[in-house]
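Worksheet: the structure to be examined is printed underneath.
Because the structure is predicted, anything quoted here is derived from the model rather than measured.
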Amino acid sequence: QEAVGDVPSGEELARQADEASAAIQDEAEAGEQVETEAETEVSELTLTSYNNALRGYSVMVPEAWTVDADASDDNGQTASAPDNAGTLTVSWSENRDNVDMDAAIKAIEDAGESMTGDQISEDEYRATGTQGDNKSMNRLLRKPDGSLVQVEISYPSASSEQMDAVAGQIIDSLALR
């Protein structure tokens with residue numbers, strides 16, 4: 001049995017509970033501050049629309065990102081974030097060989113060791129995962145004519161906290177015309 005003198009008093013138990021509650025409150029406020037900072041970064045990000053009238057789609061691209069003219073053509077474009085903090089590739093592919101959505105999904109999932117995704121609808125697929133030291137987000141849309149439009153954004157996994165919201169906003173912006 002415990003000696004009565006070793007049992008904390010009611011006042012001591014109340015003080016310990018108050019300290020624990022204050023620590024939990026401080027931790028929650030710190031988490032909200034980090035979330036608010038990330039939301040501010042995304043809301044202050046200036047996006048510009050890349051419209052591909054020939055292939056019938058558009059996607060929003062951060063204005064500060066640089067288009068790689070050598071990797072871009074009539075089917076799509078590649079853009080890079082300053083300091084190589086990320087790469088955005090949007091592309092269109094003809095369904096010339098009757099490539100189906102399943103083959104395109106398999107190619108996405110085979111590209112990285114932990115790429116997994118969800119078939120959102122018959123004509124939409126989204127995936128996230130890692131490819132080496134990079135995190136990757138993909139969205140694939142099938143147009144009514146069967147052609148496919150894919151947007152992929154990849155960035156160092158270490159910058160996920162800053163880039164996840166930006167990448168999500170870009171991926172969500174892909175629209176068929």
Side-chain angles (χ1 to χ4, degrees), residues 38-177:
E39 289 171 358
T40 300
E41 286 178 22
V42 172
S43 67
E44 291 177 359
L45 184 68
T46 302
L47 297 174
T48 184
S49 182
Y50 164 67
N51 289 302
N52 188 317
L54 178 65
R55 302 302 181 202
Y57 66 87
S58 66
V59 68
M60 301 303 290
V61 179
E63 192 173 77
W65 289 34
T66 305
V67 173
D68 179 350
D70 293 334
S72 301
D73 59 22
D74 288 344
N75 296 323
Q77 79 174 16
T78 298
S80 298
D83 301 325
N84 293 321
T87 303
L88 167 68
T89 303
V90 59
S91 60
W92 172 90
S93 59
E94 186 176 15
N95 200 5
R96 185 179 327 165
D97 298 324
N98 202 23
V99 175
D100 62 10
M101 192 82 157
D102 293 336
I105 290 169
K106 182 169 177 14
I108 291 170
E109 291 180 349
D110 288 349
E113 58 267 10
S114 67
M115 291 296 292
T116 59
D118 293 310
Q119 185 95 30
I120 306 302
S121 70
E122 183 180 354
D123 297 320
E124 180 180 3
Y125 175 79
R126 292 176 182 241
T128 60
T130 57
Q131 297 176 341
D133 292 336
N134 288 327
K135 184 167 183 181
S136 178
M137 289 188 181
N138 285 269
R139 185 173 180 204
L140 180 66
L141 295 176
R142 180 174 32 209
K143 295 182 66 174
D145 68 1
S147 61
L148 302 173
V149 179
Q150 180 180 350
V151 62
E152 177 183 13
I153 183 166
S154 61
Y155 46 93
S157 296
S159 64
S160 290
E161 191 172 304
Q162 297 85 18
M163 289 295 295
D164 282 351
V166 172
Q169 192 173 7
I170 294 167
I171 293 290
D172 289 344
S173 75
L174 178 63
L176 301 178
R177 304 282 178 220

* Go through the steps to decide whether Val90 and Tyr57 satisfy the test side chain to side chain contact (heavy atoms under 4.5 Å, CB included), and finish with yes or no. => CA-CA 10 Å; Val90 59; Tyr57 66 87; 3.3 Å; yes

Taking [Y]'s backbone N and O only, do any of them form a donor-acceptor pair with [X]'s side chain (distance below 3.5 Å, no angle check)?
X: Ser121; Y: Glu124; value: yes
X: Asp118; Y: Ile120; value: no
X: Arg139; Y: Asp172; value: yes
X: Thr89; Y: Glu152; value: no
X: Arg177; Y: Ala53; value: no

* Please step through side chain to side chain donor-acceptor pair (under 3.5 Å) for the pair Ser136 and Asn138, ending with a clear verdict. => CA-CA 7 Å; Ser136 178; Asn138 285 269; 3.1 Å; yes

Closest non-hydrogen atom pair between [X] and [Y], with its separation:
X: Ala81; Y: Trp65; result: CB-CE2, 3.3 Å
X: Pro82; Y: Ala64; result: CG-O, 3.8 Å
X: Ala85; Y: Ser159; result: O-OG, 4.4 Å
X: Val59; Y: Ser173; result: CG2-OG, 3.3 Å
X: Lys135; Y: Ser157; result: N-OG, 3.4 Å
X: Tyr125; Y: Thr116; result: OH-C, 4.0 Å

How many angstroms lie between atom [atom1] of [X] and atom [atom2] of [Y], to the nearest 0.5 angstrom?
X: Asp133; Y: Ser154; atom1: CG; atom2: OG; result: 12.0 Å
X: Leu148; Y: Lys143; atom1: CG; atom2: NZ; result: 10.5 Å
X: Ile153; Y: Met163; atom1: CD1; atom2: CE; result: 4.5 Å
X: Gln169; Y: Met137; atom1: CD; atom2: CE; result: 11.5 Å
X: Met115; Y: Thr128; atom1: CE; atom2: OG1; result: 6.5 Å
X: Met60; Y: Asn51; atom1: CE; atom2: CG; result: 8.5 Å

* More than 12 heavy atoms from other groups under 6.0 Å of CG on Asp145 -> yes

* Of Asp123, Leu174, Val151, which is the lone residue that meets side-chain contact (heavy atoms from CB on, under 4.5 Å) with Leu141? ->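 Going through Asp123, Leu174, Val151 one by one, the side-chain contact (heavy atoms from CB on, under 4.5 Å) with Leu141 is satisfied by Leu174 alone.
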
* **Option among Ile170, Val166, Ile171 that satisfies the side-chain contact (heavy atoms from CB on, under 4.5 Å) test with Leu88** =>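 Single pass found, and it is Ile170.
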
Would you tabulate the side-chain donor-acceptor contacts of residues 67-74 under 3.5 Å, counting partners in other chains and residues two or more places apart, or write 'none'?
unit_1: Asp68; atom_1: OD1; unit_2: Asp70; atom_2: N; d: 3.1
unit_1: Asp68; atom_1: OD1; unit_2: Ala71; atom_2: N; d: 3.3
unit_1: Ser72; atom_1: OG; unit_2: Asp68; atom_2: O; d: 2.8
unit_1: Ser72; atom_1: OG; unit_2: Thr78; atom_2: N; d: 3.0
unit_1: Asp73; atom_1: OD1; unit_2: Asn75; atom_2: N; d: 2.8
unit_1: Asp73; atom_1: OD1; unit_2: Gly76; atom_2: N; d: 3.3

* Check against side chain to side chain donor-acceptor pair (under 3.5 Å), Tyr155 and Asp164 -> CA-CA 9 Å; Tyr155 46 93; Asp164 282 351; 2.5 Å; yes

* To do: Just jot down the side-chain hydrogen bond (donor to acceptor under 3.5 Å, both in side chains) partners of Lys106, sequence neighbours excluded, or say none.
  =>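 Checked Lys106 against side-chain hydrogen bond (donor to acceptor under 3.5 Å, both in side chains); matches are Asp110.
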
